[in-house]
Amino acid sequence: MHQLRFVCFLLFLMACRKTGPTIQPFAEKILAVSAINQRIFDQLKESGEVDWSSWDDLSLWSAIVQSDSIVAVGYQPIGFREDPGWISNIDLNSAGWKDARGQVLRILPKDGWSGKEVWPEKVLPVVVLHIRSFFDLQRLRRSSLVRYIEPMGYDRHLANTSTQLESSSGCGSNTPTWEIQAGVHYTTIAPAAKQSWNYPGHGIPAAWNRTTGRGVKIFLIDTGSSSVQDNLGVAFNSGASYGRTLERIVTLPQNSFLGVPIGSPETAEDACGHGTSMAGAMAAPRCSDGNAVGIAYNCNLITCRAASDVFLDESRELKGVVDGFTNAANRTDVRIISMSMGRVTSSSYLRDAVRYAYGKG
């Protein structure tokens, strides 16, 4: 009788081994932030990019749990083969893609906040999830439905390290510099506007003979724009700049926990100053108030507040930028998308968004 039980137990173990991918037990301690940072810097030095897919399970899990446990999971139907421009042409509402999304969400056990969707994604084949355990990571990485799984908010640990980045990178007072000198830092052009010293070197005055941006709409993904900056408000249409439009939108989601919003909703207002500066550089009016003229002083402009600063070290900032790209891509009136922000680690989610916009023209 004992022998029979032993044989049955062996058969049970063998049957278990044949069903699905092997999940290794989590017996190791997670890596310290310093060790993860060193691996990131080593990979950047070696290849110029942080390739999360090359990391082993323990290292990747360490990066996830040492941040906010929010991951971007790219998905696809089983057997799907990518081709050029595929991401801008798929139909997420088709049976195959809807089923793939549902299957990915069912991979994780529904206990507490494991597998909880943080911010809905309706344009790209991605789900943004909280994951609860090392086993959740292993289950997802071993699924043929998953294109990638990457931490979204680890970069906060890379601020104030050897990168010399800060959590408020790019932010400033946005006040004028009174020490600038005519003929050195700028020249005066009609109707009493300032032209930066470096415009001629870039051929901008010569380009104005061809176009001043009229009829072109630019979508600026940045930290928003200030409502108290007159040249991006009541004076936007003045002087030689007229008949154009300015919109201010926000895609930066408010903070959340387990998918539940926390605090007040974000506004389009620029609390940093960088977005206002970039908007001025590209679209400030050519008028008689003595201020600097923008490169495309007759363009239409949309300022999108997608982040708090230029260092995308928060998960929600990455989501805000992604939504900025897809929002712009799905507007037929937008001709140019401009972004002057970035991060240290790579993001396949952001890469998907850029490719989506590129595929939309």
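Ion pairing of R139 with D136 is present here, as a side-chain N (NZ or NE/NH1/NH2) and a carboxylate O approach within less than 4.0 Å. For the pair R351 and E49, the salt-bridge criterion is met [side-chain N within less than 4.0 Å of a carboxylate O]. Looking at R316 and E266, a side-chain N of the basic residue comes within less than 4.0 Å of a carboxylate O on the acidic one, giving a salt bridge. E247 and R331 are joined by a salt bridge, as a carboxylate oxygen and a charged side-chain nitrogen come within less than 4.0 angstrom of each other.
The OG atom of S308 sits 13.5 Å away from atom NE2 of H274, with the distance rounded to the nearest 0.5 Å. Residue N255 holds its CG atom at 10.0 Å from OG of S315, rounded to the nearest 0.5 Å. Once rounded to the nearest 0.5 Å, the distance linking CD1 of I249 with SG of C304 reads 4.0 Å. Put simply, CG on L301 and CZ on F219 are 10.0 Å apart, with the number rounded to the nearest 0.5 Å. In this structure, R305 CZ and I221 CD1 are separated by 14.5 Å, a value rounded to the nearest 0.5 Å. Taken from CG in L158 to CZ in F41, the straight-line distance is 5.0 Å, to the nearest 0.5 Å.
Hydrophobic clustering (ILVMFWY, side-chain heavy atoms < 4.5 Å, transitive): L232 and I336 are in one cluster.
Between W61 and F134, the ring-plane angle classifies as perpendicular under the 30° and 60° cut-offs.
Atom CZ of R147 has more than 12 neighbouring heavy atoms from other residues, nucleotides or ligands inside a 6.0 Å radius. Counting heavy atoms of neighbouring residues, nucleotides and ligands inside a 6.0 Å radius, atom CD of E46 does not exceed 12 of them.
Applying the salt bridge (Lys or Arg N to Asp or Glu O under 4.0 Å) test to residues at least two apart or on different chains, the pairs with a partner in residues 267-286 are R248-E269.
The backbone N or O of D323 lies less than 3.5 Å from no partner atom in the side chain of T251, so there is not a single donor-acceptor pair.
Side-chain N/O atoms of T303 and S225 include a donor and acceptor closer than 3.5 Å.
Between D333 and N300, the closest side-chain pair of non-hydrogen atoms is not below 4.5 Å.
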